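Below is one structure, written out as structure tokens; the observations come after it.
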Amino acid sequence: MDKLRSIVSQFALQGDIIDIRPLGAGFINDTYIVATEGVAPNYILQRKNHAIFPDVPAMMDNIARVTAHLKAKVEAAGGDTERKVLTVVPTHGGALYYFDGENYWAVCKFIEGSVTHDVADTPQLAYMGGKGIGRFQAMLADFAEPLHEVIKGFHNIRWRFEQWDRALAEDKAGRKATLKEEIEWIESRREKMLAFWTMVERGELPLRVTHNDTKLSNILFDENDEVLCVIDLDTVMSSTSLNDFGDAIRSYTNTGAEDDKNLDNVSMNIEIFKHYAAGYLSERRATMSATEREWLPFSALYITYEQVLRFLMDYIDGDTYYKICYADHNLVRTHAQYRLLQSMEAQYEAMRSVIEELLAE
Ligand code: ADP
Ligand code: GN1
Ligand code: MG
């Protein structure tokens, strides 16, 4: 606590600190809420995962520029710039982060009266989430400056296969021999997934400013399920907007948990798919290319497949990337996400019909 206090004291905060407590259950960073006395704002303190984000200053530069752009948009529309966009709090010296010799830290304002959800249990919530991500992308459509690539090839399956081939060759944890079936899940779909990414490489799918981690818990809602703002901006980069759609579908439509041990719980809920897509298209429809529209349903398969690969690869590597809670956690996640992928594949034509109907409206 004293250590955290001394870190927080580097930042230009208002008010006296009462308490610093851990918050949330992200897989990557360590998040704390910093409570202050009286009317001063409360804050979020995060230890940014330097092993995963090799260039934290570049990442914070992306976040600062993107949030400045969003604030200008919200202000122009007469919205509340304190609640509808994340506010990064600099250090006393004006830096966007503090390096304590070992770790990188960053602070933003805590948005009061906000809630996050782990499960999209109502169609309304899915619709609102889709609208929130659609609006986020729409507001950033005229952001023309280049963004730093904070994690190399984040949703680039060609790069993921390079990592994958290396992981299999090295077999660091000696687990490969037990994973024949799971490895085949990946290999049997390799060409299909590469074909999708080839469209991005050829410019057939345009590059846009994207969030890249659009799971439900990365949106703050108000008490009426209206979206306040999109958070966890660490991975904001340039990519295909379809990744944000696909990753949200992976997260929202799952009838089970991402790490469900009971695979019977896991499937894709097509109703939730429909409502998320309706919300998303209400903001994005006019600005999407024909190719983007065509590949919306496939993006859900692509990102879910990528997630199966990433969890399995981390298991093969000996659990070095994702935080785990027990020994086989990454393998359990692999199986649960694979079950979701199978459910999406089984409902692929239904997803296509939903999108066609929505676009015909
Ligand atoms: P991680 O990268 O570890 O997922 P997040 O940035 O998503 O970290 O934050 C973790 C959780 O902390 C969020 O799901 C949300 O509940 C809460 N949180 C983060 N930032 C804010 C904020 N500015 N205001 C209110 N709650 C927040
Ligand atoms: C991580 O940071 P968090 O927990 O929101 C990961 C995502 C994965 C997700 C799986 C930087 O997201 O890519 O999809 O876990 N973020 C990073 O739940 O790797
Ligand atoms: Mg998060």
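Just follow the structure's listing: the first ligand is 1, and inside any ligand the first atom is 1. Only a predicted model underlies this, so the values are computations on that prediction, with no experimental measurement involved. Numbers here are sequence positions counted from 1. Hydrogens, waters and symmetry mates play no part in the numbers below; they use all other heavy atoms, side chains included.
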Item to complete: Give the C-alpha distance, both sets of side-chain angles, the deciding distance and a yes or no for side chain to side chain donor-acceptor pair (under 3.5 Å) between Thr198 and Arg158.
Response: CA-CA 9 Å; Thr198 302; Arg158 196 180 299 285; 3.3 Å; yes

Worksheet item: Should the proximity of Asn29 to ligand 1, defined as any heavy atom under 4.0 Å, be assigned to the side chain, the backbone, both, or neither?
Response: both

Response to the item:
Between Met344 and Ile249, the two heavy atoms sitting closest are CE-CG2, 4.0 Å

Practice prompt. Would you kindly specify which portion of Arg250 sits under 4.0 Å from ligand 2, judged on non-hydrogen atoms: side chain, backbone, both or neither?
Written response: side chain

Worksheet entry | Part of Asp232 within contact of ligand 1 (heavy atoms, under 4.0 Å) | both

Discussion item. For Asp30, which part has a heavy atom under 4.0 Å from ligand 1: side chain, backbone, both, or neither?
Written reply: neither

Worksheet item: Taking 2.8 Å as the cut-off, does an N/O/S atom of Asn218 lie below it from the Mg ion (ligand 3)?
Response: yes

Discussion item. For a distance under 2.8 Å, tell me if Asp232 has an N/O/S atom near the Mg ion (ligand 3).
Written reply: yes

Worksheet item: Do you know which two heavy atoms are closest between Arg208 and Thr287, and how far apart they sit?
Response: NH2-O, 3.1 Å

Practice prompt. Can you run down the salt bridge (Lys or Arg N to Asp or Glu O under 4.0 Å) pairs that involve residues 111-134, sequence neighbours left out, and say none if there aren't any?
Written response: Lys131-Glu283

Item to complete: Please say whether Ile111 places an N or O atom under 3.5 Å from an N or O atom belonging to ligand 1.
Response: yes

Worksheet, complete the sentence: Note: Asn218, heavy atoms under 4.0 Å from ligand 1, region reported as side chain

